[in-house]
Novice: 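Here it is, the structure in full.
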Amino acid sequence: MAVKHYLQFRDFTRDEYDYLFRRTGLIKDRFKRYQPYHPLADRTLAMIFEKSSTRTRLSFEAGMQQLGGSAIYLNTRDTQLGRGEPVEDAAEVISRMVDIVMIRTYEQDIIERFASHSRVPVINGLTNEYHPCQILADIYTYIETRGSIQGKTVAWIGDSNNMCNTWLQAAEVLDFHIRVSTPAGYEVEPERANLYGTGHYESFADPMEACRGADLVTTDVWTSMGFEAENDARQKAFADWQVDADMMRMAKPDALFMHCLPAHRGEEVAAEVIDGPQSVVWDEAANRLHAQKALIEYLLLGPLTA
């Protein structure tokens, strides 16, 4: 049987996500009630990092331990990958020693090549192109707070980065609407919009209009990792794309605000928004732990009923 990986949001079906969201709720409830749950005893997760991380490392490492398994941290600077070992060779070796692998790297091609030579499931912990684990947690947070996301409207304000790309895929898989507003020159790539946004995606030049009547407003930093050289130009280009109180007033009165963090108050989001009553960023961050536990459990054990 072919090994199942999680490299993009579209790798799973809507039915699989319905299962994962239910499972996340059960696992989180057990955690909150201090009920030990160790279905992954003697299982090992290898975490390979080329990009720096706080939430991804902590949530995967703590999550694996809470499920009864163990996690090994590998930084490419300290491994043979940092000395030019082919990704394919590393995959052949690492996947013979552990049960599951999470990779946080730059190009999506790297993780695709690794997965194609891996004997065990591979999870995308973030690439330049996609961040499926974050959107998995974000959508669970919306469901936990407001109910089903089907048919709802999400406003993405800012850069058309890996988060935006993943929201586009999620809208297609889970049947909701995504409105994207970016400065000129930072729009969603036409081929990506055509591939993932059919019937679910709309582009707005004006961020205020993108937020009008939205159920959820979300954003990210203006300069993602790997694009630091563009920071000065981006600061100027994105100046009118800060999510502030006026922008949130355009959304529905009960609209939520999300940010994957880390955030820069006074840049992509005003302090009054991220620290305000509509913000669920801390629940969103905490839910990375539980959603990823459900994901790891599913990839290793398949669907469970208990």
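Note that these values count all heavy atoms, side chains included, but never hydrogens, waters or copies made by symmetry.
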Novice: Take R146 and L256 through the test side chain to side chain contact (heavy atoms under 4.5 Å, CB included) and record every step on the way to the result.
Specialist: CA-CA 9 Å; R146 293 285 186 266; L256 301 178; 3.4 Å; yes
Novice: Side chain to side chain contact (heavy atoms under 4.5 Å, CB included), that's the test. Do Q108 and Q8 meet it? Break it down for me.
Specialist: CA-CA 9 Å; Q108 181 75 12; Q8 304 181 32; 3.7 Å; yes
Novice: Counting C-beta onward and ignoring hydrogens, is there a side-chain heavy-atom pair between Q242 and E268 closer than 4.5 Å?
Specialist: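 In short, these two side chains do not touch, never coming nearer than 4.5 Å.
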Novice: Once rounded to the nearest 0.5 Å, what's the spacing between atom CZ of R43 and atom CG of L67?
Specialist: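 Between R43 CZ and L67 CG, I get 11.0 Å after rounding to 0.5 Å.
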Novice: What is the distance from atom CG of D175 to atom CZ of R14, rounded to the nearest 0.5 Å?
Specialist: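 Spacing of CG (D175) from CZ (R14) equals 5.5 Å.
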Novice: Rounded at 0.5 Å granularity, tell me how far CG in L301 sits from CG in L40.
Specialist: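 If we round to the nearest 0.5 Å, L301:CG and L40:CG are 5.5 Å apart.
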Novice: Taking side chain to side chain donor-acceptor pair (under 3.5 Å) as the criterion, tell me which of N128, T127, T56 meets it with K51.
Specialist: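 That would be N128; it is the only one of N128, T127, T56 passing the side chain to side chain donor-acceptor pair (under 3.5 Å) with K51.
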Novice: Charged N to carboxylate O below 4.0 Å: is that the case for K32 and D29?
Specialist: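 No.
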Novice: Below 4.5 Å, heavy atoms only, C-beta onward: do T76 and I48 meet side chain to side chain?
Specialist: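 Yes, their side chains come closer than 4.5 Å.
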Novice: Closer than 3.5 angstrom, by distance alone: can the side chain of E187 be matched with the main-chain N or O of G185 as a donor-acceptor pair?
Specialist: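 At least one qualifying donor-acceptor pair exists.
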Novice: Closer than 3.5 angstrom, by distance alone: can the side chain of R104 be matched with the main-chain N or O of S52 as a donor-acceptor pair?
Specialist: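 A pair under 3.5 Å: yes.
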Novice: Just checking F12 against Y6, ring centres under 6.0 Å apart?
Specialist: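 Distance test on ring centres: under 6.0 Å, yes.
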Novice: Tell me whether the NZ or CZ atom of R23 lies within the 45° cone about the ring axis of Y298 and under 6.0 Å from its centre.
Specialist: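 No, R23 does not sit over the ring of Y298.
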Novice: Within this structure, what is the CD-CE distance for the pair Q278 and M258, rounded to the nearest 0.5 Å?
Specialist: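 Answer for the CD-CE pair, Q278 versus M258, is 12.0 Å.
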Novice: Please check if atom CG in D42 has more than 12 non-hydrogen atoms from other residues, nucleotides or ligands closer than 6.0 Å.
Specialist: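 No - once you tally the heavy atoms of other residues, nucleotides and ligands closer than 6.0 Å, there are 12 at most.
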Novice: Evaluate salt bridge (Lys or Arg N to Asp or Glu O under 4.0 Å) for E272 paired with R265, printing each intermediate quantity in order.
Specialist: CA-CA 9 Å; E272 61 184 333; R265 290 168 175 79; over 6 Å; no
Novice: Answer yes if the side chains of N165 and Q169 hold a donor-acceptor pair under 3.5 Å, and no otherwise.
Specialist: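 No, no side-chain donor-acceptor pair sits under 3.5 Å.
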Novice: Roughly how far apart are L74 CG and F49 CZ, rounded to 0.5 Å?
Specialist: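 One gets 9.5 Å once the value is rounded to the nearest 0.5 Å.
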Novice: With a 4.0 Å cut-off on N to O distance, would you call E267 and R234 a salt bridge?
Specialist: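 No salt bridge links E267 with R234.
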Novice: To the closest 0.5 Å, what do you measure between CZ (F60) and OG (S53)?
Specialist: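 Rounded to the nearest 0.5 Å, the CZ-OG separation comes out at 9.5 Å.
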Novice: Got K152 and Y142 here, is their nearest side-chain heavy-atom distance under 4.5 Å?
Specialist: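 A side-chain contact under 4.5 Å exists here.
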Novice: Inspect the contact between R179 and E209 and indicate whether a charged nitrogen and a carboxylate oxygen are less than 4.0 angstrom apart.
Specialist: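 Result for this pair is no, no salt bridge flagged.
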Novice: Is the closest side-chain heavy-atom distance between E202 and V180 below 4.5 Å?
Specialist: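 The answer is no, as the side chains (C-beta and beyond) never meet within the 4.5 Å cut-off.
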Novice: Does E297 pair with K293 as a salt bridge, N-O distance under 4.0 Å?
Specialist: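 Judged by the 4.0 Å cut-off on N to carboxylate O distance, E297 and K293 do not form a salt bridge.
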Novice: Is the shortest distance from a Lys or Arg side-chain nitrogen in R113 or D109 to a carboxylate oxygen in the other one below 4.0 Å?
Specialist: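 Yes, charged N to carboxylate O under 4.0 Å.
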Novice: Do side-chain atoms of Y19 reach the backbone of L304 as a donor and acceptor pair under 3.5 angstrom?
Specialist: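 Yes, the answer is positive, given that a donor and an acceptor are paired below the 3.5 Å cut-off.
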Novice: Are M208 and I178 grouped together when hydrophobic residues (ILVMFWY) are joined by side-chain heavy atoms under 4.5 angstrom apart?
Specialist: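 No, no single cluster joins them.
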Novice: Applying side chain to side chain contact (heavy atoms under 4.5 Å, CB included) to L45 and D99, what does each step give before you reach the verdict?
Specialist: CA-CA 6 Å; L45 164 71; D99 301 283; over 6 Å; no
Novice: Do W241 and S181 have side-chain atoms, one donor and one acceptor, less than 3.5 Å apart?
Specialist: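 A donor-acceptor contact under 3.5 Å links the two side chains.
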Novice: When you compare the side chain of Y140 with that of T145, does any pair of heavy atoms fall below 4.5 Å?
Specialist: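 With C-beta onward as the side chain, the pair stays apart.
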Novice: If only atom types and distance count, is the side chain of S118 paired as donor or acceptor with the main-chain N or O of S95 below 3.5 Å?
Specialist: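 Judged by distance alone, no pair lies under 3.5 Å.
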Novice: Decide yes or no on ring pair (Phe, Tyr, Trp, His ring centres under 6.0 Å) for F31 and H290, but give the supporting numbers first.
Specialist: CA-CA 9 Å; F31 175 83; H290 308 297; 4.9 Å; yes
Novice: Can you check whether E284 reaches N287 side chain to side chain, under 4.5 Å on heavy atoms?
Specialist: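 The answer is no; the side chains never approach within 4.5 Å.
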Novice: How close do E61 and M47 get, counting heavy atoms only, and between which atoms?
Specialist: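 The pair with the smallest heavy-atom distance is OE1-CE, 3.4 Å.
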Novice: Provide the closest heavy-atom pair for V243 versus V273 in the form atom of the first, atom of the second, distance.
Specialist: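 It is O-CG2, 3.7 Å.
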Novice: If you define the side chain from C-beta out and look only at heavy atoms, does anything of M248 sit under 4.5 Å from C211?
Specialist: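 Not touching, per the 4.5 Å side-chain cut-off.
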Novice: Are L174 and M163 connected, step by step, through hydrophobic side chains (Ile, Leu, Val, Met, Phe, Trp, Tyr) whose heavy atoms are closer than 4.5 Å?
Specialist: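 Yes: a chain of side-chain contacts under 4.5 Å links L174 to M163.
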Novice: Is there a path of hydrophobic side-chain contacts, each under 4.5 Å between heavy atoms, that joins I27 and L289?
Specialist: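 No; tracing contacts between hydrophobic side chains, which count when under 4.5 Å, never links both residues.
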Novice: Using a 4.5 Å cut-off on heavy atoms from C-beta on, say whether the side chain of F114 contacts that of T105.
Specialist: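 Heavy-atom side-chain distance check fails, nothing below 4.5 Å.
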Novice: Tell me if a side-chain donor or acceptor on H5 pairs with a main-chain N or O of A115 at a distance below 3.5 Å.
Specialist: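 Checked: pair present.
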Novice: Just by distance, do the side chain of D215 and the backbone of T153 share a donor-acceptor pair under 3.5 Å?
Specialist: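 Side chain of D215 to backbone of T153, a donor-acceptor pair under 3.5 Å: yes, one is there.
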Novice: Could you check whether the rings of W167 and F176 sit parallel, tilted or perpendicular, using 30° and 60° as the cut-offs?
Specialist: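 W167 vs F176 ring planes: perpendicular.
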Novice: Taking the side chain from N124 and the backbone from L7, do they hold a donor-acceptor pair closer than 3.5 Å?
Specialist: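 Yes, N124 side chain to L7 backbone: donor-acceptor pair under 3.5 Å.
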Novice: Would you confirm whether S279, through its side chain, and D275, through its main-chain N or O, come within 3.5 Å as a donor-acceptor pair?
Specialist: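 Answer holds: no.
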